[in-house]
Trainee: 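The structure follows.
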Amino acid sequence: MSAEKTPIDGSSSANTLLQLHQLLTSCSKSISGGNFSQSQTSVSELINFLDSVSDASISELEPGAKENAFKILSGIYEFLCSPSLNQENIDALSFELPKSASKFAGVSPQCLEISDNIIHRFIEKCSPRDMLPILCEALDSPNKTVQAATYVCPLISGLSDVFISLQRRHFEQIKVAVPVVVKVVKAISTESDYEDTELETLFERIVVNAHSIRTVCRKLEDGENEKLRALLGLYVLQILALVSVSRNYLHFALRLASILPYSGISGLGLITGYSVDTMSHIVIGEDEEDCLSFSSHVYLGASLSVVWAQKHDEFAQAAKFDFGAIKTELQNNRTKRWQAVGMLKHIFASIDLPWEFKRYTVDFLLYITSGDISNKLEHNDCSLYMTSLFSSLQALTMIIIYASDTVLRKNAFEALKRVLGDIPNSQRFDILKALIKNSDSSSMVAILLDLFRGEMHRERILRTSLQKNEALEADSKTCQSTLFWSTSILELVESVLRPDTGGPPILPDNSDAVLSALNLYRFVLMTEAAGKTNYTGLRSKNNLQKAYNEWLLPLRMLVGGIAAANKNDIDQHAVDTVCALNPIELVLYRCIELVEENLKHLA
């Protein structure tokens with residue numbers, strides 16, 4: 001049964017301290033007397049009183065509230081340090097007081113110090129194994145009225161003390177605490193309401209917490225030591241990601257970097273994902289639930305570690321990365337390069353990271369894809385990496401669309417082309433199609449369709465070269481160079497000119513994509529007609545009639561109607577609309593002429 005919250009009534013500081021003394025005396029008597037029901041009520045009344053004091057001091061609703069809070073908190077600490085206080089009382093109060101004391105941490109630096117002392121006192125007097133779940137529960141349930149960044153600081157420092165004080169089952173117990181800490185810090189670091197000093201205090205505690213795990217590792221034997229070192233590595237990577245997202249703190253990143261070698265992590269292992277997978281297997285095994293709790297931000301931190309090394313030589317030195325060797329290996333090893341590209345998607349896709357990190361990541365990608373990479377290890381199988389490569393390329397398109405920096409957009413586009421060029425032809429065809437069909441941006445679809453047309457042009461040149469130079473083997477080699485010249489082109493063009501809605505595309509919203517699709521259709525039809533081929537099926541009578549009746553004529557009616565409606569309108573939007581439709585109208589007219597001409601030849 002919980003008591004009603006006791007409000008501060010504006011009485012003097014002496015009366016408030018007297019009220020605290022009475023509540024503490026009541027708790028002590030009821031706990032020592034073995035009256036369980038009464039002790040629960042007494043502790044509840046004490047906690048409600050403390051919460052009312054901390055709420056009032058944080059909101060500063062009353063004059064002198066902060067000074068009053070410091071006196072109350074000091075009174076609690078003096079009570080806990082009293083030689084006459086028995087262990088039974090301390091154990092009973094340990095369940096609620098750490099959380100309540102932490103709520104005072106945001107009142108002032110002095111209150112933060114006393115909150116630290118109170119939690120440290122409980123850890124000294126109670127079993128560390130019992131204190132760990134208490135602190136984790138307090139971390140996982142911050143009160144909405146408190147300042148979370150400062151509230152969690154005493155609790156995280158308390159966990160650092162607990163880790164070092166544990167006597168056995170270190171790995172199992174620390175493994176429970178780490179995801180709780182990461183979850184809380186992630187929630188705080190992604191908010192923008194905190195001052196730099198608050199976040200610096202928080203990350204200082206987090207870094208110390210990581211170093212406390214390292215201290216524990218040194219005391220353990222090989223088996224458990226390996227597990228805890230792997231857990232430490234996963235923890236550090238997640239915190240590094242949160243440091244990067246939050247304020248880009250170099251000094252914290254350097255201290256985290258110094259832990260990475262201790263966990264057996266290499267720079268190449270991080271950027272390819274090998275080190276993360278190895279540590280995850282050691283820590284998590286086959287436990288899917290554990291996998292969900294640890295996967296968040298681990299891969300982002302692993303990718304960012306290499307970007308940090310690119311940005312700052314001192315990070316590479318602290319982490320013991322040979323950055324030059326990493327880049328050279330990725331340039332020369334196609335499989336590892338694909339793995340690295342797949343890892344970089346975590347940076348490209350992050351909505352919380354500063355653009356600066358994405359700029360450095362694009363530069364890194366440009367470096368490892370520089371040179372004549374297309375001729376190196378040409379026969380590697382890319383099928384295992386298709387999903388991750390697609391995700392990275394899709395994330396790159398988002399940078400091309402949304403980055404405000406012109407140079408970054410240009411470099412991202414160049415990186416996109418290089419990565420596509422590094423993928424074997426058959427998989428490149430599938431990935432380009434998937435990128436086009438899964439893009440919501442008309443401009444991006446237009447760019448990708450132009451790239452698709454470029455691939456078709458290269459295939460045509462290759463086919464022509466084979467037919468001229470190796471006539472005897474032309475048939476077999478031509479079959480290998482017609483991946484882009486296939487019936488799939490019909491489906492691709494139709495997805496733009498007659499989308500899933502069933503009618504013509506929405507204009508002028510999709511003007512870029514429509515113009516590019518029309519140009520692609522015209523290019524293919526003209527090329528097939530000139531070579532008297534039909535690899536794509538576009539020149540069959542049924543497909544010509546389908547394009548004419550279902551794509552081109554409805555589109556001509558739509559374009560004509562919009563142009564007529566805006567012809568005499570001097571509004572800027574109307575002028576822009578007409579300007580956007582003019583090139584479409586021109587290419588559309590030529591496509592219709594071309595289809596009619598081909599149908600005439602087939603008649």
Trainee: Under a 3.5 Å cutoff, is there a donor and acceptor pairing between the side chains of Asn543 and Ser540?
Mentor: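 Yes, because at least one side-chain N or O of Asn543 sits under 3.5 Å from a partner of the opposite role on Ser540.
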Trainee: Is a side-chain donor-acceptor pair under 3.5 Å present for Asn519 with Arg522?
Mentor: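 Looking only at side-chain atoms, Asn519 and Arg522 do not form any donor-acceptor pair under 3.5 Å.
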Trainee: Using the side-chain hydrogen bond (donor to acceptor under 3.5 Å, both in side chains) criterion, which residues pair with Gln317? Sequence neighbours excluded.
Mentor: none
Trainee: Does the gap between the ring centers of Trp308 and Phe357 come in under 6.0 Å?
Mentor: yes
Trainee: Got Leu260 and Leu237 here, is their nearest side-chain heavy-atom distance under 4.5 Å?
Mentor: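 They are in contact (side-chain heavy atoms under 4.5 Å apart), so the answer is yes.
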Trainee: If you measure only the distance, is there a donor-acceptor pair under 3.5 Å linking the side chains of Thr577 and Asn566?
Mentor: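 Per modelled atom types, Thr577 and Asn566 side chains form no pair under 3.5 Å.
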Trainee: Would Asp512 and Ser443 count as having a side-chain donor-acceptor pair, cut-off 3.5 Å?
Mentor: yes
Trainee: Does any donor atom in the side chain of Tyr589 or Glu585 lie under 3.5 Å from an acceptor atom in the other side chain?
Mentor: no
Trainee: State, yes or no, whether a side-chain contact exists between Phe429 and Ser486 at a heavy-atom distance under 4.5 Å.
Mentor: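 Yes. Closest side-chain heavy atoms under 4.5 Å.
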Trainee: Salt-bridged, Lys600 to Glu596, with N to O below 4.0 Å?
Mentor: no
Trainee: Is it true that the side chains of Gln331 and Ser370 contain a donor and an acceptor less than 3.5 Å apart?
Mentor: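 The criterion, which ignores hydrogens and geometry beyond distance, is satisfied for Ser370 and Gln331.
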Trainee: Is a side-chain N or O of Thr533 found less than 3.5 angstrom from the main chain of Tyr535, in a donor-acceptor match?
Mentor: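 Checked: no pair found.
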Trainee: Taking Glu414 first and then Lys417, would you say they form a salt bridge - that is, a charged N and a carboxylate O separated by under 4.0 Å?
Mentor: yes
Trainee: Decide yes or no for Ile259 and Tyr235: does some side-chain heavy atom of the first lie under 4.5 Å from some side-chain heavy atom of the second?
Mentor: no
Trainee: Are Gln339 and Tyr385 close enough that a side-chain donor and a side-chain acceptor fall under 3.5 Å?
Mentor: yes
Trainee: Do Leu432 and Leu449 have side chains that approach each other closer than 4.5 Å (heavy atoms only, starting at C-beta)?
Mentor: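 With C-beta onward as the side chain, the pair stays apart.
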Trainee: Is Arg556 close enough and on-axis enough to Trp551, meaning under 6.0 Å and within 45°, for cation-pi?
Mentor: no
Trainee: So that I can tick it off, tell me whether Arg337 and Glu329 are bridged by a salt bridge, with the cut-off set at under 4.0 angstrom between side-chain N and carboxylate O.
Mentor: no
Trainee: Going by atom types alone, do Asp277 and Tyr299 pair a side-chain donor with an acceptor below 3.5 Å?
Mentor: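 There is such a pair (donor and acceptor under 3.5 Å, judged by atom type) between the side chains of Asp277 and Tyr299.
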